[in-house]
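To start, I am sharing the structure in question, which I have written as structure tokens.
Because only heavy atoms are used, hydrogens play no part in the values below, and waters and symmetry mates are left out as well, while side chains stay in. Predicted, not measured: the structure shown is a model, and the values here were computed from it.
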Amino acid sequence: MLSEMKSDSKKSSKGRVSRWGVSSAIDWLQRHSGTILLTIFWCSLNGILFFFKYYEFKLHPKYHYLREMLGLGLCISRGSAAVLNLNCAMILLPMCRCIVSLCRGSRLAKRYARRCLDRGVILHVLCAVLICLAAAVHCTAHVMNAVNFTIYYNDDVVEVNVATKQNEEPFRILFCTVPGLTGVLMVLILVLIIVASSKHVRLVHYELFWYTHHLFVVFYGLLLMHSASGVLKEQTNLAYHTPGCSTGGGQPEPEPEPEHAPFQLKLFGMTEIKMAGTCKEPPYFKSHPSQTWCFVVFPLILYIIERFIRLCRGRQTAEINSTIYHYPDVIEIQISKKGFQAKPGQYISLNCPTISALEWHPFTLTKCPSLRSGSFSVHVRVLGDWTVELRDMLHPVTDVLLEKGRHAYGDRRYPRLYIDGPFGSPNQDVFKYHTSVCIAGGVGVTPYAAVLNQLRDCDLKKYKLQRLYFIWVCRNIQNLKWFADLLASVHGKFWNENMPDFLNIRLFVTSKHAQIRTAETTDRLTGFNSRDHFLANRIHIGRPDLKEILGEVDANNKRSSIGLFVCGPKKLSNNVQNICNRINRKRRIKMQFNTESFS
């Protein structure tokens with residue numbers, strides 16, 4: 001009997017494990033479905049382009065003499081070159097942030113189009129990966145070509161040879177010719193960019209990532225020189241000289257085909273024809289025309305125009321009105337700039353020439369300009385060399401860092417700041433749903449602070465939004481002080497307007513040291529005054545049960561469109577998306593998931 005019970009328990013546990021594994025796999029596929037489809041589409045497109053170029057150089061008669069010397073190395077190098085050209089062109093487009101923001105904010109851009117534009121970074125990374133793979137294949141093929149040029153040196157067609165004599169050192173071709181030298185330099189630049197783009201370098205030494213990434217300017221210059229060097233030759237007189245024949249006069253005669261001829265692939269009307277006999281004139285050659293500029297020039301011009309606009313716009317000095325230091329290590333900067341307009345959820349790039357004239361760092365707006373006030377603000381989390389230097393300039397160690405709390409300064413002499421932006425993000429769409437759920441992790445609360453500021457300062461009648469759930473997960477209870485006054489004032493506004501159900505606030509503190517049991521204790525530790533006492537009743541210790549919260553949102557808003565917005569660590573975003581996908585399997589009007597990660 002006991003053994004039967006044990007076997008039944010083992011079976012049930014195995015069943016639970018298998019069901020959990022299947023559910024996790026489904027969640028993973030749904031969470032990454034957009035990325036998977038984009039990857040399949042883009043890799044297929046690159047594969048088709050490689051196939052087309054490979055067989056063009058493998059079968060076309062005008063490359064016969066070149067192909068005789070180089071073999072498959074020629075075909076592989078040209079196929080990978082086409083992939084490089086396409087990806088070097090496309091990698092620039094997602095970085096045209098002004099154009100992307102303009103398209104995203106257009107009334108013609110539907111939700112699916114906005115989501116595609118929001119995934120521009122994924123396309124950027126995908127293009128970078130394919131550039132690296134294609135560059136590795138291209139370099140390997142050209143090393144083979146350099147060796148074959150010296151081994152199969154052809155005295156009959158001297159113009160086609162890159163080598164000057166037979167059995168010449170391949171190193172001369174690789175390092176002493178324009179395509180060889182430019183190729184080596186491009187590989188070195190690519191390696192530098194790849195290493196500096198790693199997550200560790202970006203977080204700890206952002207300035208290294210920034211400077212090495214801008215070596216792409218040199219990379220594109222070398223790329224155009226590399227392709228325009230005209231080393232590869234193609235035959236121009238196919239009508240008077242059939243490839244493979246001699247020039248002794250008479251008409252060429254085709255070689256007799258064997259009884260069992262091997263299958264010969266024909267593609268786009270091209271097939272390799274070997275002829276015997278004589279021709280009237282010798283073969284003439286010209287340099288193979290560069291096709292790189294056809295791919296790269298338009299995106300480059302677009303990017304240069306974009307950078308010029310951003311340069312002109314960014315060189316207008318912004319004035320710092322005041323700064324507030326929030327424990328631990330968050331600085332609120334209140335700024336004003338003439339003619340600056342922005343929407344909640346958008347972000348800007350900051351430049352402080354005193355620290356670095358070239359570095360621009362993105363920060364989400366926590367307050368946008370309004371009719372009441374033309375100023376705006378950002379909250380800067382101190383993490384990395386640039387933000388540490390900015391903190392030390394705004395709030396010296398002797399004044400602030402030895403104390404714990406909030407310190408405001410309005411009469412200091414502040415450094416000069418430049419502002420570039422604003423730029424669009426998924427969090428712009430909070431007002432486009434009947435019901436929106438904003439879930440923030442730590443400093444990821446910044447875009448939703450801008451939303452709350454907008455709700456406080458404007459009329460709700462012009463928005464579609466009818467209910468907002470605000471969920472903020474913090475590590476320390478002191479973090480809640482960043483926006484305590486804002487939360488209190490927004491809640492007070494809707495309470496006075498007899499709309500208590502419009503805003504649902506839930507705050508969570510995950511620190512193990514926050515042992516708080518009563519509202520009075522919470523009020524004392526957070527430092528809230530009596531006006532903000534309502535916040536104490538909304539603070540919960542521990543991580544939120546997001547499944548229960550989203551289930552409640554679903555139950556209370558069955559017939560309305562729901563926008564789900566998450567900003568914070570990737571783990572939080574993945575967890576919310578999994579729950580959202582499970583709810584959507586049973587829901588007729590789908591929850592629309594939107595995310596932005598600061599990690």
Side-chain angles (χ1 to χ4, degrees), residues 11-40 110-112 114-116 118-119 122 345 425-427 429-430 432-442 444-445 447-448 451 464-474 501 503-508 510 538 540 542-599:
K11 288 179 182 177
S12 63
S13 63
K14 287 181 180 177
R16 284 195 299 271
V17 170
S18 62
R19 284 195 298 272
W20 182 83
V22 171
S23 177
S24 298
I26 293 172
D27 289 339
W28 186 89
L29 286 172
Q30 283 191 318
R31 194 168 65 243
H32 296 91
S33 57
T35 304
I36 292 170
L37 289 174
L38 177 62
T39 303
I40 292 172
K110 301 300 181 184
R111 184 183 178 277
Y112 184 76
R114 293 197 302 269
R115 290 199 70 179
C116 291
D118 292 335
R119 296 187 181 204
I122 297 175
S425 79
N427 292 306
D429 298 340
V430 171
K432 295 182 179 180
Y433 297 90
H434 284 99
T435 303
S436 289
V437 184
C438 299
I439 302 175
V445 73
Y448 310 129
V451 171
K464 186 178 181 180
L465 187 64
Q466 296 177 357
R467 181 174 292 180
L468 176 66
Y469 292 84
F470 176 74
I471 301 160
W472 186 11
V473 186
C474 301
D501 294 333
L503 181 62
N504 189 309
I505 299 174
R506 305 188 189 188
L507 309 172
F508 294 86
T510 60
R538 288 160 177 79
H540 307 274
R543 298 186 182 279
D545 188 347
L546 294 172
K547 185 177 180 181
E548 181 182 345
I549 294 172
L550 294 179
E552 178 188 333
V553 173
D554 173 44
N556 295 333
N557 303 274
K558 282 290 186 183
R559 297 184 179 180
S560 64
S561 61
I562 299 177
L564 187 56
F565 299 86
V566 184
C567 188
K570 198 170 184 179
K571 188 176 180 180
L572 174 66
S573 176
N574 290 343
N575 186 24
V576 174
Q577 189 173 4
N578 289 339
I579 298 169
C580 176
N581 290 335
R582 291 167 192 166
I583 292 174
N584 281 339
R585 292 169 199 166
K586 303 175 183 178
R587 186 177 170 86
R588 203 177 85 178
I589 303 176
K590 304 298 184 186
M591 276 189 184
Q592 305 295 342
F593 178 80
N594 305 271
T595 184
E596 185 177 3
S597 178
F598 288 168
S599 58

Query raised in the report: If you measure from OG on Ser561 to CG on Leu465, what distance do you get to the nearest 0.5 Å?
Result: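 Rounded to the nearest 0.5 Å, the OG-CG separation comes to 9.5 Å.
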Query raised in the report: Who are the salt bridge (Lys or Arg N to Asp or Glu O under 4.0 Å) partners of Lys571, not counting sequence neighbours?
Result: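 Expected list: none.
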Report task. Supply the atom-to-atom distance Cys438 SG to Asn427 CG, rounded to the nearest 0.5 angstrom. Result ->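 The CG atom of Asn427 is 7.0 Å from SG of Cys438, to the nearest 0.5 Å.
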Query raised in the report: Atom CG in Leu503, atom CG in Leu468: separation rounded to 0.5 Å?
Result: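 Here the interatomic distance stands at 5.5 Å.
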Query raised in the report: Among all residues two or more places apart in sequence or in another chain, which pass the salt bridge (Lys or Arg N to Asp or Glu O under 4.0 Å) test with Arg543?
Result: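 Applying salt bridge (Lys or Arg N to Asp or Glu O under 4.0 Å) to Arg543 gives none.
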**Report entry** Residue pair Phe565 / Val437, side-chain heavy-atom distance below 4.5 Å
**Finding:**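 Counting from C-beta outward, Phe565 and Val437 never come under 4.5 Å.
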Requested in this report: Please examine the side chains of Cys474 and Phe508, heavy atoms only from C-beta on, and report whether any two atoms are closer than 4.5 Å.
Outcome: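 In short, these two side chains do not touch, never coming nearer than 4.5 Å.
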**Report entry** Point-to-point distance, once rounded to the nearest 0.5 Å, from CG of Leu564 to CG of Leu550
**Finding:**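 Nearest 0.5 Å value for the CG-CG distance: 5.5 Å.
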Query - Any side-chain heavy-atom pair of Phe470 and Leu507 under 4.5 Å - result: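 Yes; the side chains approach each other to less than 4.5 Å.
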Query raised in the report: Would a distance-only check, ignoring hydrogens and angles, find a side-chain to backbone donor-acceptor pair under 3.5 Å from Trp472 to Gly442?
Result: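 Yes, the answer is positive, given that a donor and an acceptor are paired below the 3.5 Å cut-off.
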Query raised in the report: By side chain to side chain contact (heavy atoms under 4.5 Å, CB included), which residues pair with Ile40, not counting sequence neighbours?
Result: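 Checked Ile40 against side chain to side chain contact (heavy atoms under 4.5 Å, CB included); matches are Ile36, Ser44.
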Query raised in the report: So how far is it from Leu546 CG to Leu572 CG, rounded to the nearest 0.5 Å?
Result: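 Leu546 CG to Leu572 CG: 6.5 Å, rounded to 0.5 Å.
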Query - Test item: Asn584 side-chain N/O and Met591 main-chain N/O as donor-acceptor pair under 3.5 Å - result: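 Checking the backbone N and O of Met591 against the side chain of Asn584, a donor-acceptor pair under 3.5 Å is found.
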Query raised in the report: Is there side-chain contact between Ile549 and Pro544, with heavy atoms separated by less than 4.5 Å?
Result: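 Yes, close enough: below the 4.5 Å cut-off.
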Requested in this report: Under the side-chain hydrogen bond (donor to acceptor under 3.5 Å, both in side chains) rule, collect the residues that match up with Asp554, sequence neighbours excluded.
Outcome: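 Lys558, Arg587.
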Requested in this report: State, without any angle test, whether Asn504 and Arg506 hold a side-chain donor-acceptor pair at a distance under 3.5 Å.
Outcome: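 Asn504 vs Arg506: donor-acceptor pair found between side chains.
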**Report entry** With Asn557 via side chain to side chain contact (heavy atoms under 4.5 Å, CB included) - residues at least two apart
**Finding:**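 Applying side chain to side chain contact (heavy atoms under 4.5 Å, CB included) to Asn557 gives Thr435, Arg467, Tyr469, Val553, Ser560, Ile562.
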Query raised in the report: In Å and rounded to the nearest 0.5 Å, what is the NZ to CG distance from Lys432 to Asp429?
Result: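 Those atoms lie 4.5 Å apart.
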Query raised in the report: Sequence neighbours excluded, which residues qualify as side chain to side chain contact (heavy atoms under 4.5 Å, CB included) partners of Gln466?
Result: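 Scan of Gln466 (side chain to side chain contact (heavy atoms under 4.5 Å, CB included), adjacent residues dropped) gives His434.
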Query raised in the report: Do Ser573 and Phe593 have side chains that get closer than 4.5 Å, going by heavy atoms?
Result: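 Result yes, sub-4.5 Å side-chain heavy-atom pair found.
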Requested in this report: Please test Asn594 against Tyr433 for side chain to side chain contact (heavy atoms under 4.5 Å, CB included), starting from the C-alpha separation and ending with a verdict.
Outcome: CA-CA 12 Å; Asn594 305 271; Tyr433 297 90; 3.9 Å; yes
